[in-house]
Amino acid sequence: MEFTHTDTRRMLSDTIDRYLRDKYPLSARVEAGQSEPGFQPAQYEVLAELGVIAALFPEDQGGFGGEGFDIAVVFEELGKRLVNEPVMDNALVPGSILAAAGQSDAVENIIAGTARYALAAEEPQALYDLADVETRAEAKGDGWTLTGAKSMVKYSPGCDGFIVSARTGKGISLFLVAPDQVSLRDYATFDGGCASELALDGAEGQLLGKEGAGAAMLQEAADRAVLALSAESLGIMQTIREMTIEYLRTRKQFGVVIGKFQALQHRMAEMLLEIEQARSAVINAANAMALADPERARIIAAAKYSIGRIGRLVAEESIQLHGGIAMTWEYDLGHFAKRLVMIDHEWGDQDFHLARFIEEGRAA
Amino acid sequence: MDLNFTQEELEFREDVRAWLAENLPGDLARKVRSDAPLTKDDMLRWQLILHEKGWLTYSWPAEFGGTGWGPVKQFIFEEEMAYACAPRLLPFGLRMLGPVLMKFGSKEQQDYYLPRMCDGTDWWCQGYSEPGAGSDLASLKTTAVREGDHYVVNGQKTWTTLGQHADWIFCLVRTSTTGKPQEGISFLLIDMTSPGIEVRPIQTIDGGREVNEVWFTDVKVPVENLVGEENKGWTYAKYLLTHERTNIAGVGKSNQELARLKELAASQKRNGKPLAEDPHFAARMARVEIDLMNMEITNLRVLAQAEAGGAPGPESSMLKILGTEIEQELTDLTRRALGRSAQALTPEADDPGFNGPYVAPEGFQHATGVYFNHRKTTIYGGSTEIQKNIINKMIVGL
């Protein structure tokens, strides 16, 4: 057994860490979340130059990684510095779908950071269920026309295209839709990012992959997204852990540093052991990307469930251990805590993945 | 044992409910129901409507112009206010300073300040916490030095809720550094328009604007603004922590939030079925409902004791811990029930002219902000850890 990363992955994580430490201040990140377009495109381009995106794709697609542990290493580093750039939403997720559909030029541009795509899969009436699709696609000449509504489309400003799920006679299919074919209503998200409601009214679309193959393509992308989110969450939790320990060591009340109180020591200890459990869940999920379903599905679901449960605990406990200061916008912790909790609202929350774990266990 | 309210109490509840249905402005109820921020005018408008009815001072004894209601009627009144989605009444004047003045203030102070805090003339805020004095409140450092017929105040207060609207602040200040820290604290009333006071906003985690820092630089305060005796302020502040804190659990508010959560869970769909029928979510809702049912009985037991003349001690601490934790759990479940849409920040949905589409279902656009904002409830007013220390000291005695 070997629980250390390869040299290549260690170098990658060091590179990302060094860059973010020096050049990615939290203040600029928070400010970007409050203005258009909701992130920092210049930072995104630098991350692409550093190889952050290339690491998420295999060599035959133009990258230098693409395995579970590559995804885990990258997103853990991004989480530590609370990076709010659409590496998952505009690159990892659409890239895996476009690669499966044989759109190699688009994938190369994604890796270079010169093209971004957004996924429009979830609908207003759906609660995380990617198969709950009412949007329709009709064949028209060589192409297709799409009608329907999508909700919480992440990081849509400036995108080169949307990947839209829609029903045809053969089930769920995926389509590439140009930005001028959709209408968008943009808004900020609670964790400092951005999203849009997307409406399709006879929009022209190009079929991606085979008709009716959409659900399987989406599931592959979803597994990657869940791993990325879980690793990001782990990175966030490590930063929160450091901030909270530092606070317990310096804040004085009743004449002593508050870390001297056993009631707080035990709570901190519980946080620490739960974060180690989260780390194990992420390692297990990264490893499972190379396995076949239903084992892979079970382990991925277990990771997102664990991250959801532990993420809430860490967010809430760290705020309580800090006291009032953690309730302020000015203090960094709150921004980390908000992203940590919002991760449970993406790609299925802990209850969704607990149910999936049970379901896949029956299939096993 | 008889767990029922008396006939008279039931009729009283009906009267309150009917009056609220008639007199609570619809726009205010709508704002409260959807957790939209209330303006100063919103809060004052509702205060004056209640004042005219004579119910603003529902917790005050009759001799000071209150209703003279006992703890049970006060509980019923608060429950009905919560069910009707009435704006919450700020506690600083009515529930905090008022009782202190009644018990420890001079006749002149009572005659001057009590009517003014009711008719909207004076908006009060609280000056207790300091950056270095949170849970350890007695370590507070803001000083008041007597110079002739006034005190000179220097220092900084923090977490001053809605201090930006306030005309007056009641402060705990240090008047002596000899003896135990608790023995050198005085209770002072300070006019917020005094030269040398600066209010600086603190933006909260949810982007809200409800707390402030208040800075004092050589602020002159007339000696007649001292409440009670010099260096006895700690006693007065502590009196507030146990006095009439029988309704601190917020049973009505939590029941109201539970009802709203159930509505939401019935309309949200998971796998084609209402979320309320999802076994995991149903279990989560059931657990908090059971906790709430138990707490309601715990609260009624404390009320019955208080109605019979008993003074609640550690029970206040128990109710504060239970009430805030249940309230937090409810905000957590509401956020969960929204699914992906909990991420959206759409304050524009509060605008009267807004015609959608909503991202989160109508009325729930603030749910995530409310969840984060409610983290404060286990921190403020004596954190959960401090309440546990009190329980331990008063019951376990170790």
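Computation of the quantities below employed the complete heavy-atom set of this structure, encompassing side-chain atoms and omitting hydrogens, waters and symmetry-equivalent molecules. Just so it is clear: chains get the letters A, B, ... in the order the sequence lines come, proteins before strands, and each one is counted from 1. These numbers come from a predicted model, not from an experiment.
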How far does [atom1] of [X] sit from [atom2] of [Y], to the nearest 0.5 angstrom?
| X | Y | atom1 | atom2 | answer |
| --- | --- | --- | --- | --- |
| Leu127(A) | Asp278(B) | CG | CG | 8.5 Å |
| His345(A) | Arg336(B) | NE2 | CZ | 7.0 Å |
| Arg340(B) | Lys154(A) | CZ | NZ | 6.5 Å |
| Arg270(B) | Asp349(A) | CZ | CG | 4.5 Å |

Proximity breakdown for [X] and chain A, heavy-atom pairs closer than 4.5 Å:
| X | value |
| --- | --- |
| Thr346(B) | side chain |
| Arg335(B) | both |
| Asp206(B) | both |
| Ser267(B) | neither |
| Ala138(B) | neither |
| Leu275(B) | side chain |
| Pro181(B) | neither |

When only pairs under 4.5 Å are counted, which of [options] shares the most heavy-atom pairs with chain B?
| options | value |
| --- | --- |
| Val341(A), Asp191(A), Leu264(A), Leu333(A) | Val341(A) |
| Gly348(A), Gly255(A), Gly324(A) | Gly324(A) |
| Tyr187(A), Phe254(A), Tyr128(A) | Phe254(A) |
| Thr189(A), Ile325(A), Asp344(A) | Thr189(A) |
| Lys338(A), Glu330(A), Glu197(A) | Lys338(A) |
| His335(A), Arg185(A), Lys252(A) | Arg185(A) |

Whether [X] side chain and [Y] backbone form a donor-acceptor pair below 3.5 Å:
| X | Y | answer |
| --- | --- | --- |
| Gln203(B) | Trp329(A) | no |
| Gln320(A) | Thr378(B) | yes |
| Arg284(B) | Asp351(A) | no |

Nearest atoms (heavy-atom pairs only) where Ser151(A) meets Val359(B):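 Residues Ser151(A) and Val359(B), closest heavy atoms: OG-CG1, 4.3 Å.
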Least distance between heavy atoms, Gln253(A) atom then Gly132(B) atom: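 Looks like NE2-O, 2.7 Å.
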Contact check, side chains of [X] and [Y], non-hydrogen atoms, under 4.5 Å:
| X | Y | answer |
| --- | --- | --- |
| Tyr358(B) | Pro124(A) | no |
| Asp129(A) | Lys269(B) | no |
| Ile319(A) | Ile379(B) | yes |

Trace of the side-chain contact (heavy atoms from CB on, under 4.5 Å) decision for Ile258(A) with Glu385(B): CA-CA 12 Å; Ile258(A) 60 174; Glu385(B) 291 73 20; over 6 Å; no
Contacting region of [X] [heavy-atom separation from chain B under 4.5 Å]:
| X | answer |
| --- | --- |
| Ile358(A) | side chain |
| Ala199(A) | neither |
| Ala188(A) | both |
| Phe352(A) | both |

Should we count [atom1] of [X] as having more than 12 external heavy atoms under 6.0 Å?
| X | atom1 | value |
| --- | --- | --- |
| Gln34(A) | CD | yes |
| Asn392(B) | CG | yes |
| Glu348(B) | CD | yes |

Donor-acceptor side-chain pairing of Tyr371(B) and Glu316(A) below 3.5 angstrom: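 There is such a pair (donor and acceptor under 3.5 Å, judged by atom type) between the side chains of Tyr371(B) and Glu316(A).
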Under 4.5 Å, counting heavy-atom pairs only, tell me which of [options] racks up the most with chain A.
| options | answer |
| --- | --- |
| Asp332(B), Asn373(B), Leu338(B) | Asp332(B) |
| Pro357(B), Ser383(B), Pro361(B), Ser341(B) | Pro357(B) |
| Lys388(B), Gln328(B), Gln268(B), Arg375(B) | Arg375(B) |

